[in-house]
Amino acid sequence: MTGYRLPTTPAGAIRQQKEIARKVIATDDHGEIRFVCGVDVSYRKGMAHCSAVVMDIADLNIVVEQARTKSEIKHPYIPGLFMLREAGPILRTLKRLKHYDLVMVDGHGLLHPRRCGLACYVGVVKDKPAIGAAKSLLCGSVRDDNYIELGGKTLGYMITAEGRRKKNLYVSIGHRMSLESAVSLVKSMTKKEEWLPEPLRLADTYSRL
DNA sequence: GCGACAG
DNA sequence: ATCTTGTCGC
């Protein structure tokens, strides 16, 4: 049983990140991916509103399953320690879902100072394939071919939205996925003219309700 | 030491 | 992320 204790302090979070970073599987070690779950959290009045949306990779217009939770905000936002603030609400929400083959997280995966962004944390703890998709860069540098490297390693890829908006999305491995597969899956689930893949776009919308 | 810094 | 009016564009 993969039993992890939610971190309570920054030091505790860093300790877990180093431990989990070693357990991330960066290859396509998974079964068929059909149902994709997108999770996002919004905040208001001291509460964290988390939303999880499951969609069939074959139909981007139908929500197969959905769940929402409202939790007290326990920690402040600290760059690099995002999981300290959102892991709790997200794991609570994922428990309410019946089924999903992969989870897309609104944040980075391996493209992180300690190679353990929120997507890796959620993926390893749940031992589920996971992908990190962030709206801005935390670290690393984008090369001309759009791949992003950090410390001599290629850990991410920047997707530029087709729309006239200069919106970029930074994709990296969460767990049990290769970067190439993660990028193609994100692209395949992003509608024309849209910035975020449907599961994340809808999770974002639902979390604000 | 200084600056940068997922949501 | 959130606080916020009008405003530009499909």
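Order of the sequence lines sets the chain letters (A, B, ...), proteins ahead of strands, with each chain counted from 1.
- In the region residues 182-209 of chain A, proximity to DNA chain B at under 4.0 angstrom, judged on heavy atoms, holds for none of the residues.
- Side-chain atoms of T27(A) and S178(A) form no donor-acceptor pair, as typed in the model, at a separation below 3.5 Å.
- In this structure, the side chain of D56(A) does not engage the main chain of F35(A) through any donor-acceptor pair within 3.5 Å.
- For DNA chain C, if you chain together Watson-Crick or G-U pairs that step i with j, i+1 with j-1 and so on, you find no run of at least three with distances under 3.5 Å.
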Residues 73-80 of chain A, side-chain donor-acceptor partners within the protein, below 3.5 Å, at least two apart:
none

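- For the residue pair S184(A) and S181(A), no side-chain donor N or O sits within less than 3.5 Å of a side-chain acceptor on the partner.
- Every salt bridge (charged side-chain N to carboxylate O under 4.0 Å, His left out) that R201(A) has, sequence neighbours left out, goes to E194(A), E198(A).
- Applying the side chain to side chain donor-acceptor pair (under 3.5 Å) test to residues at least two apart or on different chains, none of the pairs has a partner in residues 5-14 of chain A.
- Neither side chain, R15(A) nor Q17(A), offers a donor N or O lying under 3.5 Å from an acceptor on the other.
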Detail all sub-3.5 Å separations between protein N/O atoms and N/O atoms belonging to nucleotides 4-7 of chain B.
{"unit_1": "dA6(B)", "atom_1": "OP2", "unit_2": "Y77(A)", "atom_2": "OH", "d": "2.3"}
{"unit_1": "dA6(B)", "atom_1": "O5'", "unit_2": "Y77(A)", "atom_2": "OH", "d": "3.3"}
{"unit_1": "dA6(B)", "atom_1": "N7", "unit_2": "G80(A)", "atom_2": "N", "d": "3.0"}
{"unit_1": "dA6(B)", "atom_1": "N6", "unit_2": "G80(A)", "atom_2": "O", "d": "3.1"}
{"unit_1": "dA6(B)", "atom_1": "N6", "unit_2": "F82(A)", "atom_2": "N", "d": "3.2"}
{"unit_1": "dA6(B)", "atom_1": "N6", "unit_2": "H112(A)", "atom_2": "NE2", "d": "3.4"}
{"unit_1": "dA6(B)", "atom_1": "N1", "unit_2": "L118(A)", "atom_2": "N", "d": "3.0"}
{"unit_1": "dA6(B)", "atom_1": "N3", "unit_2": "H108(A)", "atom_2": "N", "d": "3.0"}
{"unit_1": "dG7(B)", "atom_1": "OP1", "unit_2": "K135(A)", "atom_2": "N", "d": "2.6"}
{"unit_1": "dG7(B)", "atom_1": "OP2", "unit_2": "S136(A)", "atom_2": "OG", "d": "2.8"}

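- Scored by the salt bridge (charged side-chain N to carboxylate O under 4.0 Å, His left out) test, R208(A) finds D204(A) as partners (sequence neighbours excluded).
- Using a distance-only test at 3.5 Å, with no hydrogens or angles considered, a donor-acceptor pair links the side chain of N146(A) to the main chain of M158(A).
- Residues that satisfy the side chain to side chain contact (heavy atoms under 4.5 Å, CB included) test with P7(A), not counting sequence neighbours, are A13(A), Q16(A), M83(A), L84(A), Y121(A).
- The salt bridge (charged side-chain N to carboxylate O under 4.0 Å, His left out) contacts involving residues 102-120 of chain A comprise D106(A)-K135(A), where partners must be two or more places apart or lie in separate chains.
- With a 3.5 Å limit on both pairing distances and Watson-Crick or G-U wobble geometry required, DNA chain B contains no stem of 3 or more pairs.
- Put simply, the side chain of L60(A) reaches to within 4.5 Å of the side chain of K191(A), judged on heavy atoms.
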Table of protein N/O atoms under 3.5 Å from nucleotides 5-10 of chain C N/O atoms:
none

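- A salt bridge is defined here as a Lys NZ or Arg NE, NH1 or NH2 lying under 4.0 Å from an Asp or Glu carboxylate O, and D29(A) with R176(A) meets this definition.
- Taking D145(A) as the reference, R143(A), Y147(A) meet the side chain to side chain contact (heavy atoms under 4.5 Å, CB included) condition, with sequence neighbours excluded.
- V36(A) places none of its side-chain heavy atoms less than 4.5 Å from the side chain of V54(A).
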